[in-house]
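No experiment lies behind these values; they were computed from the predicted model shown. So that the names make sense, note that chain A is the first sequence line, chain B the second, and so on, each numbered from 1.
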Amino acid sequence: MSWGFMRGSAWKFLQSARYNNTAYATPNMFFDEEQDSASAAADSTSAEDDLDSLVLFGLFRGNVVGLRYYTGVVNNNEMVALQREPNNPYDKNAVKVNNVNGEQVGHLKKELAAALAQIMDRNLVRIEGVVPYGAHNVFTMPVNLSFWGREENEQLVVGHMKKYGYKLEPVPKGLGRNALSKGAGSSTSLPAVQLTIEQLKTEFDKLFEDLKEDDKTQQLEPAKAVQTPLLTHQKQALAWMVSRENSQELPLFWEQRKDLYYNTLTNFAEKERPESVRGGILADDMGLGKTLSVIALILTNFHNGQPLPITEVQSRKQKTNTPQKSLTSDPNKRSRNKASQGQCSETRAMGSSQEATCARSKRPKRQNVKRDSDDSDEEWLPRKTKSSPACSLPSDDQFAMALSGATQGVKKISKKKIIDKTTVQSHSKCVQELRRATLIVCPLSVMSNWIDQFEQHVRPEVNLNIYVYYGPERSKDPKTLSQQDVVLTSYSTVTHDYANNSPLHKVKWLRVVLDEGHTIRNPNAQQTKAVHSLDALRRWVLTGTPIQNSLKDLWSILSFLKLKPFIDREWWHRTIQRPVTMGDKDGLRRLQTLIKSITLRRTKTTKVKGKLVLELPERKVYIQYIKLSTEEQRIYESVQTEGKTIIGRYFREGTVLTHYADVLAVLVRLRQLCCHPHLVSSSFSSTSLAARSTPEELREKLVNKIKLVLSSGSDEECAICLESLNIPVITRCAHVFCKPCICQVIHSEKPNAKCPLCRSEIHVEHLLECPEEEFETTAKKDQKWMSSSKLDALISALTEQRKKDPHVKSIIVSQFTSYLSLIESALGESGFMFTRLDGSMTQKKRTEAIQSFQSTRVDSPTIMLLSLKAGGVGLNLTAASRVFLMDPAWNPAAEEQCFDRCHRLGQTKEVIVTKFVVKDSVEENMLKIQSRKRELAAGAFGTNKPSGSEIKEARINEIRTLIDL
DNA sequence: ACCGCCGGGTGCC
DNA sequence: ACCGCCGGGTGCC
């Protein structure tokens, strides 16, 4: 079969058949109408995927029939969902009508269904229903249908309906047709105040920021099991989270009227009380201690509003059950993991007594309540606590008192009362009594951080079982998992588990916590579905960035929180997302209320009692001048003299820029000599350039030279965009630019593009990318190891610091990766523990390096060797409070960014930066250029970009300054 | 469903 | 009687 044959309707058929399980009822087969181009456009993109760009085609009053056959009921003005039912044995065109709870109410009348089936199946239209009068109908009821779709399909849909004898009513005035183009309003409420795009955008940006200054100021002392003292804002987080988990309040947008519960958004009502949302979104900025807050929550609201007590007798360390080989290479940890696996027998015993609770709860209620509350303590406290009640009780009482301050509406709660209430409440579902374990789902990269933090913050004598559910050895037994206190796992494991019917989804969790919760924002991703289907009473989402792109991202999170009625995307979309994107002020207000009620967010600018949540400690930058040794000075001066001669000649000839590569090579050599003589590769021989070879050979040499310049780690800039090089490429004339920049130049100057720096002819096909990882260390292996003046200065600074405080961590930064290697040797000699991060490392190695450095363990490395450009802005190295910048960068901003990797939220110590600069050298001249650039950046904001000639002028002047000419 | 529709019974007034 | 009309049976898709 040729592709040409496939391209027509057959292809379309295959495509829709793929997405539609009922192959024989695939709409295309019955869609015998004009298959014009407009309809083809809609086939490929599902209208579901881009709900925001839909317009309202028109309205129609239809009928719902067959009410008496179904249990679903609707109220006046209640929203209903329309669902195609292509497998209905009586009518392949059938369209089901469901209420907000997903219960079937009836069907659309068959004639109408016949008209709708095809256009619905082909995603040409999305139809929404509101029943204007639904309360007392027995056999049929009216339904107001609104037709939504992509603008280009409007005529097709309207024409199609007309053909079946249905004329869509035009959209009434004041009701929005388009997002933000005309009036606005939802299909249920009439014209609302509309916002402009700008207003909407501002409101949207403010959505999470507004949460900062509100009433979530209650504080709660954590359980004694938490050994780290909480900061004020963390106690606030704890109070808020505990009160949300124990909340008996109706969820937002629900009202009780007589014996029914009404949803005010959809007008849906039901007898059963909607579950409180026992959880929410903790959206604190990075560094505010979300992890600690959650650990405190787990220990403080451990069971029935009670903390996990400390068992005095137990001297055993806290347990970390790891079924796989330890995540870190730490041998201590590995042995501890092994030892802890024997621990399981104890938890199993506890599990069987939980079953006993379940059986008992079927007894007559009266007796039961009391017994349960009494027994409950026994079951949930580790056995040994019983023998030493003196230990656990004071902390419980303290907790009860603290809780009375934090729980709304209840004045004074005794411990007993809480338990009675909960027991009665969940009596019907005795299963809930079995729930013990908290599941923490996080990206694999932060899993070891959780383990570290548990070890750091939980008192060692506390008997807390943690199981790391990861790796091939993990237990497939749900019971093992449900008997843990904490199970840690990764998103990919949850996803894999979901597809393979493994235990994670069988356990009834007490609590599920999603770390970096924004990772589930794609509603169609398997991962999202896997996470949504976890069974838990309490649900939390931790994220620093709750909304990344649009409102759409929120749905997955809200659905995970089991926030009725938003679990189903349709109701979220109809009641919040669309009204908001259409600029409806009421919709926005609803969204704001919603977010406010379930989110706690503090940022670095949030204030508690007028003081910033976290005040960044000071940062001090010192320059330490280095004097070269006589020998180093001799080499430096000889290279400098040679370089000055060559570059001086270029200046006289006016050919500095055409020989830019040579110039840079000289400068790099000088900068390297300031650091360590061994950095200078012997292949740097400026005389080779002078020798005339064939044009091909010459170019080859130039290109090799610039490659050396690039791979030596210097921070070269693109002369076109003035930013750091993005995909560096080399021209035939040996000038280096960002690939996108120079390609644009070549494109716009077609066909005679010239190099912006030297005006030689340039062609796209001659551009050469620098081969990514060329890491022959320029420092020769056969050279005998020696130190350098700067290296000596570094080591003595580090040694002195270690004497003062051996736990202080440092970052050592250089642009030359080979220098980092030399430093490694020196560090090793002096017995420093270090790790390294540079551009050549795989993502996996990078995360490993970052984690081991950030770890608080006593045996973690105290030094991080960092290449200047390694890692993005996000790189977080707050474990360090000292920075040693071994060589100045061209661009002061690059240095600043580097300092900020440790001087950022989460830093608790004063940060001291030391810049090593060799006196009377190219480095000192670089400082002059830096301060010039700083002035430029500060003063000339908003002025035009410098022209080509200005750039050239500036470059030439820079070179003059650098080489002292 | 106090409808519409179907189909059998029926047939001057 | 190949109609009209009556009234019972019946009822989503």
Side-chain angles (χ1 to χ4, degrees), chain A residues 13 16-17 19-33 46-48 57-149 157-169 187 266-271 565 568-571 574:
Chain A
F13 166 69
S16 49
Y19 293 114
N20 195 326
N21 291 329
T22 59
Y24 66 90
T26 296
N28 283 297
M29 294 181 75
F30 305 103
F31 200 81
D32 52 4
E33 286 180 79
S46 158
E48 297 288 322
F57 295 161
L59 310 170
F60 184 77
R61 165 73 65 96
N63 284 301
V64 186
V65 295
L67 304 190
R68 53 180 331 178
Y69 300 97
Y70 306 99
T71 51
V73 288
V74 286
N75 292 302
N76 295 351
N77 289 317
E78 182 172 331
M79 294 183 177
V80 289
L82 305 187
Q83 188 191 4
R84 276 282 288 123
E85 194 184 14
N87 285 328
N88 186 300
Y90 304 96
D91 183 358
K92 60 177 170 32
N93 294 324
V95 178
K96 285 209 289 187
V97 178
N98 302 335
N99 71 11
V100 177
N101 239 11
E103 299 152 340
Q104 183 166 4
V105 176
H107 279 103
L108 285 189
K109 229 168 135 47
K110 60 176 181 295
E111 295 79 8
L112 180 57
L116 297 180
Q118 302 151 15
I119 49 174
M120 282 176 81
D121 289 338
R122 311 191 85 231
N123 272 320
L124 296 170
V125 69
R126 189 192 147 68
I127 305 167
E128 297 179 353
V130 174
V131 172
Y133 185 77
H136 302 294
N137 300 304
V138 189
F139 305 104
T140 66
M141 64 185 174
V143 59
N144 291 328
L145 304 174
S146 43
F147 287 61
W148 299 81
V157 167
V158 170
H160 180 86
M161 290 305 287
K162 208 172 198 169
K163 222 169 116 168
Y164 280 80
Y166 297 108
K167 192 176 170 330
L168 295 191
E169 291 164 44
S187 49
T266 58
N267 288 317
F268 175 77
E270 62 183 340
K271 273 228 175 72
D568 186 334
R569 197 135 137 255
E570 170 162 3
W571 310 115
R574 284 175 66 173

*Asks:* Exactly one of A:Val157, A:Leu116, A:Val158 should register a side chain to side chain contact (heavy atoms under 4.5 Å, CB included) with A:Val125. Which one does?
*Replies:*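 Only one option passes, and that is A:Val157.
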*Asks:* For the pair made of CG in A:Asn63 and P in B:dG4, what is the distance, rounded to whole Å?
*Replies:*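 In whole Å, B:dG4 P and A:Asn63 CG are 12 Å from each other.
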*Asks:* Whole angstrom is fine here: how far is it from CG in A:Leu116 over to P in C:dC12?
*Replies:*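 It works out to 20 Å between those atoms.
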*Asks:* Determine if the base of C:dA1 is syn or anti; take syn to mean the glycosidic torsion is within 90° of 0.
*Replies:*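 What C:dA1 shows is a syn base, its glycosidic angle lying within 90° of 0.
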*Asks:* Please answer whether C:dG11 and A:Phe139 are stacked, defined here as ring centres separated by less than 5.5 Å and planes angled under 30°.
*Replies:*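 No; centroid distance or tilt outside limits.
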*Asks:* Which pairs would a plain distance check flag for residues 94-103 of chain A, meaning a side-chain donor or acceptor within less than 3.5 Å of a matching protein atom at least two apart in sequence or in another chain?
*Replies:*
{"from": "A:Asn98", "atom 1": "ND2", "to": "A:Gln83", "atom 2": "OE1", "distance (Å)": "2.9"}
{"from": "A:Asn99", "atom 1": "OD1", "to": "A:Asn101", "atom 2": "N", "distance (Å)": "2.9"}
{"from": "A:Asn99", "atom 1": "OD1", "to": "A:Gly102", "atom 2": "N", "distance (Å)": "3.2"}
{"from": "A:Asn99", "atom 1": "OD1", "to": "A:Glu103", "atom 2": "N", "distance (Å)": "3.0"}
{"from": "A:Asn99", "atom 1": "ND2", "to": "A:Val73", "atom 2": "O", "distance (Å)": "3.1"}
{"from": "A:Asn99", "atom 1": "ND2", "to": "A:Glu103", "atom 2": "OE1", "distance (Å)": "2.9"}
{"from": "A:Asn101", "atom 1": "ND2", "to": "A:Glu270", "atom 2": "OE1", "distance (Å)": "3.1"}

*Asks:* Classify the nucleic acid contact of A:Leu108 as base, sugar-phosphate or nothing, counting any heavy atom under 4.0 Å across all strands shown.
*Replies:*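 Here A:Leu108 touches the backbone only, sparing every base.
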*Asks:* Identify whether any heavy atom of A:Lys109 sits under 4.0 Å from a base atom; if not, whether one sits that close to sugar-phosphate; answer base, sugar-phosphate or nothing.
*Replies:*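 Here A:Lys109 touches the backbone only, sparing every base.
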*Asks:* Taking the C1' atom in each of C:dA1 and C:dC6, what is the distance between them to the nearest angstrom?
*Replies:*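 Those two atoms are separated by 15 Å.
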*Asks:* Closer than 4.0 Å, any side-chain N/O of A:Lys110 to the OP1 or OP2 of C:dC13?
*Replies:*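 Answer yes for this pair, as a side-chain N or O of A:Lys110 is under 4.0 Å from OP1 or OP2.
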*Asks:* Given 3.5 Å as the limit, does a donor-acceptor pair link the side chain of A:Arg84 with the main chain of A:Lys92, or not?
*Replies:*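 Yes; at least one donor-acceptor contact below 3.5 Å.
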*Asks:* Does any N or O donor sit under 3.5 Å from an N or O acceptor when you compare the side chain of A:Tyr69 with the base of C:dC13?
*Replies:*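 Answer no: no donor N or O sits under 3.5 Å from an acceptor.
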*Asks:* Please answer whether C:dC12 and A:Tyr90 are stacked, defined here as ring centres separated by less than 5.5 Å and planes angled under 30°.
*Replies:*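 Not stacked: fails the 5.5 Å / 30° test.
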*Asks:* What is the distance, to the nearest angstrom, from the CG atom on A:Asn93 to the P atom on C:dC12?
*Replies:*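 Computing the A:Asn93:CG to C:dC12:P distance gives 17 Å.
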*Asks:* What about A:Asn88, does its side chain sit under 3.5 Å from the base of C:dC13 through a donor-acceptor pair?
*Replies:*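 A donor-acceptor contact between them is present.
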*Asks:* Quick one: does A:His160's side chain get under 4.5 Å of A:Leu124's, heavy atoms only?
*Replies:*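 A:His160 does not reach A:Leu124 side chain to side chain.
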*Asks:* What is the distance, rounded to the nearest whole Å, between atom NZ of A:Lys92 and atom P of C:dC13?
*Replies:*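 To the nearest whole Å, that distance equals 14 Å.
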*Asks:* Please state the C1' separation for the pair B:dC2 and C:dC13 - nearest whole angstrom.
*Replies:*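 Their C1' atoms lie roughly 26 Å apart.
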*Asks:* If you define the side chain from C-beta out and look only at heavy atoms, does anything of A:His107 sit under 4.5 Å from A:Tyr70?
*Replies:*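 Result yes, sub-4.5 Å side-chain heavy-atom pair found.
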*Asks:* For C:dC2, give its Watson-Crick or G-U wobble partner with both distances under 3.5 Å, or none.
*Replies:*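 Partner of C:dC2: none found under 3.5 Å.
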*Asks:* When the distance from NE2 of A:His136 to P of B:dC2 is rounded to whole Å, what number comes out?
*Replies:*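 Interatomic distance, NE2 of A:His136 to P of B:dC2: 19 Å.
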*Asks:* Please give, in whole Å, the distance from C:dG11 P to A:Met141 CE?
*Replies:*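 Result: 21 Å.
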*Asks:* Whole Å only: how far is the CZ atom of A:Arg68 from the C1' atom of B:dA1?
*Replies:*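 Atom-to-atom, A:Arg68 to B:dA1, this comes out as 9 Å.
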*Asks:* A:Tyr70 has an atom OH; how far is it from atom C1' of C:dC12, in whole Å?
*Replies:*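 Taking atom C1' of C:dC12 as the reference, OH of A:Tyr70 is at 6 Å.
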